[in-house]
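We count ligands from 1, going down the list as the structure has it; atoms in each ligand are counted the same way. All values below come from the heavy atoms of this structure, side chains included, with hydrogens, waters and symmetry mates left out.
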Amino acid sequence: MASIEFEHVKKVYPGAKKPVVPDLNLKIEDKEFIILVGPSGCGKSTTLRMIAGLEDITGGTLRINGKKVNDVPARDRDIAMVFQSYALYPNMTVYKNIAFPLKVRKLTPKEMKERIEDIQEKAKTKNLPAEEVKRLVEKASKEKHYSKEEIDERVHRVAKILDLEEYLERKPANLSGGQRQRVALGRAMVREPKVFLLDEPLSNLDAKLRTEMRSQISLLHKKLNTTFVYVTHDQTEAMTIADRIVVLNKGVVQQFDTPRNLYERPTNKFVAGFIGSPEMNFLPSVVRMEGKKAYLEIEGHKMDVSDSLNRQGALRALDGKTCDFGIRPESITLVTSQNIHSLEPERIFKIHVKIAEYLGYELYLYFDFAGRQAIARVPSKYLIQSGDDVKLYFDPNKGYLFDPETTSTVAFPAPSEEVRLDV
Ligand SMILES: Nc1ncnc2c1ncn2[C@@H]1O[C@H](COP(=O)(O)OP(=O)(O)O)[C@@H](O)[C@H]1O
Ligand SMILES: [Mg+2]
């Protein structure tokens, strides 16, 4: 049971001029699975390490379960962390690796009894509040000595969840990458922590295994029913496993939202470009207001966007300005003899395909457009090759527009269709 709350948290590394994290405000609910995603160096690991207590907090307040923990040392936070380099003990069996965190804590039942008596005595003489006494007793009881049977029971329980029972007597060298990563997870799980922190735990695995482990970690979260905070630079990984995702850039939260909202309603150009693969196209276009009509000028074409991008009148303030028109590669339509008669000519552009990439079910077309590199995804049944000239249709109903100064999203596409299956 643990919520995690950042209140104006700031982190400046010693000797650094600028903070890595200037002013972080974030509330992670109990039992939630949260992903922190952002480019390399944006402060993800730093944020995670502050939760773990491995990194000091320069300013602000960090609360775990409502309690301020700024000065609580890592070992008293009841948190487990799994890293990219899982650092198993090579000479120990899987069993011993998993059991290790239980063995380093070693108060025997007799010592435990004495410790608790000490605390109660101290509480009387110093008149400590009941809350504090409870905390000290709880803390002491976590340092208990686990009997052989208890250890055995816990290791087997963890091994069963992670499907490692057959490998308990093996050494790490004789395991696959995925199995090793599961042992590292087991080692974190065995103490039954309140919070799991995972820092790029799958980065060392090959693509196929990564996909497999992704769903396993998601299942693990459901089984353990505790708070997970997971860091990755990979937006696909983030989109596939989280309930909610925090998009970070330069230590600043850009958006904290569901995967669907990040993809469909990005708050700014950074999120729009970061989420989705291949990346959204950003095409420079000039906004023209003419009475009640709104137009976008792109490459000599004048597209009427009165009923699309300017639905809510968002473009009025941008008259005459060059803005980024954003359109995802999957929202661009290939013009064919079948559809050309139903498409508005002003939205059709002739382009030269620099590279056509065949991906089985679709083609990626790379082309230069309005001085930018652009990409379209089209069905692979169309026989298009690098060097071909084709026509593409840009639908402003599927586009975004970003404010040139603030980079905030000023206009969104019409909401996409959502279908509830009824079979
Ligand atoms: N111990 C440290 N001392 C000084 N600077 C650090 C330290 N650790 C990380 N940094 C810097 O802080 C920034 C954020 O690092 P980090 O949190 O590791 O980013 P991420 O995990 O998102 O890649 C980087 O510019 C990095 O160089
Ligand atoms: Mg990192």
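The closest side-chain heavy-atom distance from Phe282 to Phe325 is not below 4.5 Å. Between Gln216 and Arg182, some side-chain heavy-atom pair lies under the 4.5 Å cut-off. Contact annotation: the side chain of Leu36 never approaches that of Ile245 to less than 4.5 Å [non-hydrogen atoms, C-beta and beyond].
Counting heavy atoms closer than 4.0 Å to ligand 1, residue Thr46 contributes atoms from both its backbone and its side chain.
Within the 2.8 Å limit, Ser45 places at least one N, O or S atom next to the Mg ion (ligand 2).
Contact annotation for atom 26 (C) of ligand 1: protein absent (non-hydrogen atoms, distance under 4.0 Å).
At least one heavy atom of Ser40 sits less than 4.0 Å from an atom of ligand 1. The shell of residues lying under 4.0 angstrom from ligand 1, judged by heavy atoms, excludes Ala16.
Remark: Arg377 fails to qualify as a cation-pi partner of Tyr361 under the 6.0 Å distance and 45° angle criteria applied to the six-membered ring. Cation-pi check for Lys11 over Tyr13 is met; the charged atom lies under 6.0 angstrom from the ring centroid and within 45 degrees of its normal. Annotation: cation-pi pair Arg244/Phe256 present, NZ/CZ under 6.0 Å from the ring centroid and within 45° of its normal.
Remark: minimum distance from atom 18 (O) of ligand 1 to any protein heavy atom is reached at Ser45 CB, 3.7 Å. Of the protein's non-hydrogen atoms, Tyr13 CD1, 3.3 Å is the one closest to atom 5 (N) of ligand 1. For atom 20 (P) of ligand 1, the nearest protein heavy atom (residue, atom name, distance) is Gly41 N, 3.5 Å.
Taking the six-membered ring wherever Trp is involved, the centroid distance between the rings of Phe349 and Phe367 does not fall below 6.0 Å.
Considering backbone and side-chain atoms together, Val20 places no N or O closer than 3.5 Å to any N or O of ligand 1.
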